[in-house]
Amino acid sequence: MEMAKAYSPAENEKRIYKFWEDNGYFKPIIKKGEKPFTIIMPPPNANDNLHIGHARFVFVEDILTRYWRMKGRPTLWVPGADHAGIETQYVFEKKLAKEGKSRFDYDRDTLYQMIWDYVVDNRNNMENQLRALGASCDWSRGKYTLDPAIVKVVYRTFNKLFKDDLIYRGERVVNYCVRCGTAFSQLEVDYKEQDDKLYYLDYGTVTIATTRPETIFADVAVAVNPKDKKLGSLVGKIATIPLIGREVPIIADELVEIGFGTGALKVTPAHDATDYEIGQKHNLPLISIISKEGKMQNVPEEYVGLRPKAARELTIKRLEEAKLLTKTEDLHHSVGKCYRCNTVIEPLLEDQWFIKVEKLAESALSAIENKQTTFNARKFEKTAMHWLTNLRDWNISRQIVWGIRIPAWHCAGCNKWTITAGEVPPTCTHCGSSKLTQDKDTFDTWFSSGQWPFAALEVNSKEDFDYFYPTTVMETAADILPFWVIRMMMLGIYETGETPFENVVLHGLVRDKQGLKISKSKGNVIDPVEMVDKYGSDALRMSLVWGALIENDVAVSEENIKGQKHFANKVWNAARFVLMNLEDYKIVSRETIEKELTQADKDILIKYESTLKVVTKAIEGYKLSIAAESVYSFFWHDFCDIYIENAKTRIQDNDKSKVAAQHTLDYVLRNSLRMLHPFMPFLTETIWEELKEEKPLIISLWPK
RNA sequence: GGGCGCCUAGCUCAGUUGGUUAGAGCAUCUCGUUUACACCGAGAGGGUCAGAGGUUCGAAUCCUCUGGCGCCCACCA
């Protein structure tokens with residue numbers, strides 16, 4: 001077959017992918033007693049197209065997978081799709097809003113089904129995009145975070161945690177968005193700087209400063225720092241809440257910052273996280289004055305039903321009238337806003353499920369200390385350890401519909417909770433009453449996705465779990481290290497007794513040519529699917545791996561991708577040249593032409609050996625940019641520019657060393673294609689077809 | 001306030017445990033219409049390695065300080 005003059009990705013990629021997939025090359029060949037290489041893909045959101053960041057991690061994982069497959073190791077890469085909880089519900093709600101609807105127009109089950117259908121369509125789309133990128137993952141083992149079997153595992157874990165007394169229901173100050181009607185974890189709150197007023201109020205014995213005078217009705221104490229020279233002597237005395245005249249104690253607590261305002265803090269445990277902590281320490285009561293609808297309650301008549309903002313204005317007015325407002329000053333500070341709708345977050349008391357994290361965190365920490373789990377960069381290990389030593393109890397309740405509903409039933413008879421492993425309990429386990437209502441909340445997605453590595457394997461089969469767990473590599477975005485990676489470690493160790501992955505490989509962001517963050521508003525979005533259509537998947541892959549270590553951010557531009565397409569074409573043409581010059585050549589062994597080898601032959605063979613060593617070592621150390629650059633430089637500059645030019649004349653002149661040249665061309669080409677395959681799988685497999693090898697390149701062995 | 005990083009050629013980045021004249025891609029400039037490839041080839045210019053001090057026979061690399069930049073977390077009421 002005549003090779004075309006230029007390589008056409010469009011004509012080959014789909015065909016090649018289908019060939020691989022249809023022949024089952026992505027499925028591992030299990031060899032008992034041999035240590036497999038396993039990656040569980042961080043499941044992309046099933047609610048949108050893949051973006052350029054997805055492409056980078058897919059390529060990184062695919063390179064590792066293809067490399068180890070070629071090393072002959074049983075290799076499994078499990079794909080997945082994530083329901084993505086609030087993320088998806090938010091996207092869907094925006095879609096509803098465009099149609100003039102809101103989620104409150106539907107009952108819970110209808111809404112759930114609507115989102116489900118929406119996600120199913122997008123999931124197919126997302127998976128086909130993964131195929132276009134060339135992902136050599138085992139589709140037969142693909143999982144979705146809401147697969148019934150996965151959900152069952154999540155229930156089981158919750159139930160086990162509960163039985164082990166690691167789950168409790170606690171009234172806590174949570175970050176509540178009265179507009180979304182949900183509490184958020186601290187991670188979901190955006191702190192934004194803004195200008196406010198700081199009001200100084202007369203509490204009799206002491207003056208306090210606050211930005212939220214409307215919460216004085218919920219005050220239960222005034223606190224000062226015990227080390228405060230000016231105010232320390234007040235401890236033990238009484239302060240009087242203005243307007244209502246209630247007397248509260250003055251207490252000492254180190255959380256109070258000396259020098260802020262007057263140095264005295266009004267303590268409002270029901271509406272501020274710090275105050276809650278102080279309140280717990282000092283056994284103070286809780287007075288809740290803001291409802292979940294964001295309205296005032298348990299306050300003097302004229303304030304009842306007001307929004308906090310209106311209540312604040314009225315309070316200030318009354319304080320001024322009573323001459324209890326001594327001073328007002330400007331304050332620039334940060335305020336928690338809902339990360340979805342930008343509404344000011346109200347710290348409110350709410351019953352939530354919590355996980356006691358201390359023991360779980362300790363086990364994860366020791367797995368890191370004992371090197372059972374290692375990181376591709378020291379900085380990530382430091383970050384993980386820092387988080388694990390500073391974690392607070394984990395609130396896993398979310399007030400959204402789209403997610404896994406918590407298997408907990410509240411009894412109207414005895415007011416206690418019945419927890420199951422998913423099945424509906426006929427009666428309350430405490431009092432036998434049948435007046436049970438299921439908690440309306442769903443799990444925090446990190447709780448379910450924190451179980452992903454073992455869950456995705458065990459729901460496939462027990463054999464899979466036994467063989468492939470613990471996994472070899474967890475490759476994901478560096479920014480979700482604290483949210484996801486350490487939680488997988490905690491829950492994985494808890495459920496299985498083993499760390500879920502041996503190596504954590506984290507990657508940085510994809511940025512634009514200038515190193516700026518990519519965003520729709522900046523207009524610098526690079527669509528991976530469009531790039532694949534234009535330049536080929538291999539070119540996109542090289543451009544995303546090239547130029548920066550994977551743990552760092554990488555800058556890409558269309559010119560980079562175009563440049564790598566040129567390289568693909570270079571490889572294609574080099575192969576074309578070699579094949580044209582091998583028409584009268586029959587493969588001979590090195591020994592038979594040993595004496596005919598010229599210096600040029602020896603040079604390129606030595607260079608090839610050293611490149612192979614560098615590339616191999618770099619891949620195994622996750623230095624993929626080094627590996628890609630080495631093989632690129634070798635192939636283009638050493639092989640094409642120098643060696644082929646040398647061999648060209650010897651063959652054309654029918655030199656006595658012609659066969660040695662042909663042998664060397666053939667040898668270096670074949671082995672270079674192997675070395676290049678993880679980085680340019682479609683191109684190399686397409687060329688490989690011309691070489692009439694027994695086995696396709698994808699399952700050929702990595703050169704030794 | 002706490003944590004983690006970064007500053008190397010015009011741009012984006014490499015530089016492993018300190019060891020010759022500090023590298024790559026892109027960009028720039030000069031030359032070349034060579035039948036594998038113009039999606040090409042030959043060659044060139046370009047860096048006080050942020051600054052200062054220290055350790056050392058030797059520092060981009062280790063230590064201290066200063067300056068600038070970034071990300072993450074946080075209980076500034």
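Residue numbers begin at 1 in each chain, while the letters A, B, ... track the order of the sequences.
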How far does the [atom1] atom of [N] sit from the matching atom of [M], given to the nearest Å?
N	M	atom1	result
B/G67	B/A50	C1'	8 Å
B/C65	B/A22	P	30 Å
B/U20	B/U28	C1'	30 Å
B/C71	B/G58	C1'	36 Å
B/U55	B/G15	C1'	22 Å
B/A74	B/C4	C1'	15 Å
B/G53	B/U16	P	24 Å
B/U48	B/G10	P	8 Å

Are any of the side-chain nitrogens in [X] or [Y] under 4.0 Å away from the carboxylate oxygens of its partner?
X	Y	value
A/E381	A/K371	yes
A/K562	A/E559	no
A/E358	A/R392	no
A/D584	A/K658	yes
A/K607	A/E609	no
A/E346	A/R212	yes

Indicate, with a heavy-atom threshold strictly under 4.0 Å, whether [X] touches base, sugar-phosphate, or nothing.
X	result
A/L549	sugar-phosphate
A/K562	nothing
A/V256	base
A/W572	nothing

Quick one: look up who [N] pairs with, Watson-Crick or G-U, both distances under 3.5 Å, and put none if it's unpaired.
N	value
B/U20	none
B/G70	B/C4
B/U61	none
B/A77	none
B/U55	none
B/A27	none
B/C40	B/G32
B/C49	none

Rounded to the nearest angstrom, tell me the gap between atom [atom1] in [X] and atom [atom2] in [N].
X	N	atom1	atom2	answer
A/D553	B/A14	CG	C1'	16 Å
A/I345	B/C75	CD1	P	12 Å
A/D272	B/C75	CG	P	9 Å
A/Q514	B/C26	CD	P	18 Å
A/K517	B/C71	NZ	C1'	8 Å
A/D638	B/A24	CG	P	12 Å
A/Y203	B/A77	OH	C1'	11 Å
A/F483	B/C73	CZ	C1'	9 Å

Decide if the gap between the ring center of A/Y632 and the ring center of A/F679 is smaller than 6.0 angstrom.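 When the ring centroids of A/Y632 and A/F679 are compared, they turn out to be at least 6.0 Å apart.
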A/Y535 and side chain to side chain donor-acceptor pair (under 3.5 Å): which partner among A/E558, A/H566, A/Q564?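 The side chain to side chain donor-acceptor pair (under 3.5 Å) with A/Y535 is passed solely by A/E558 among A/E558, A/H566, A/Q564.
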Quick one: pull up CG in A/D601 and CG in A/L665 and give me the separation to the nearest 0.5 Å.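 Atom-to-atom, A/D601:CG and A/L665:CG are 8.5 Å apart.
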Distance check, rounded to the nearest 0.5 Å: A/T315 atom OG1 versus A/L201 atom CG?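 The CG atom of A/L201 is 9.5 Å from OG1 of A/T315, to the nearest 0.5 Å.
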Whether A/F635 and A/F567 hold their rings parallel, tilted or perpendicular, with breakpoints at 30° and 60°: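 The rings of A/F635 and A/F567 stand perpendicular, inter-plane angle above 60°.
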Can you name the nearest heavy-atom pair linking A/P42 to A/F57, along with the distance?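 Closest approach of A/P42 to A/F57, heavy atoms only: O-CZ, 3.7 Å.
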For residues A/S557 and A/I526, report the shortest heavy-atom separation together with the two atoms involved.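 The pair with the smallest heavy-atom distance is CA-CD1, 4.5 Å.
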Are there more than 12 heavy atoms of other residues, nucleotides or ligands under 6.0 Å from atom CD of A/E11?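 Check fails, neighbour count at 12 or below.
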For RNA chain B, find the residues of residues 608-630 of chain A with a heavy-atom distance under 4.0 Å and give them by number; none if there aren't any.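 Hits under 4.0 Å, by residue number: A/K617, A/I626.
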Going 5' to 3' along nucleotides 1-7 of chain B, which nucleotides have protein heavy atoms under 4.0 Å from the base (write B), which only from the sugar-phosphate (write S), and which from neither (write -)? --SSS--
Indicate for each nucleotide in nucleotides 30-43 of chain B, in 5' to 3' sequence, whether protein heavy atoms under 4.0 Å reach the base (B), only the sugar-phosphate (S), or nothing (-). ------BB-BSSS-
Measure from the side-chain heavy atoms of A/R392 and tell me the nearest of B/C75, B/C26, B/C72.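 Between B/C75, B/C26, B/C72, the one nearest the side chain of A/R392 would be B/C75.
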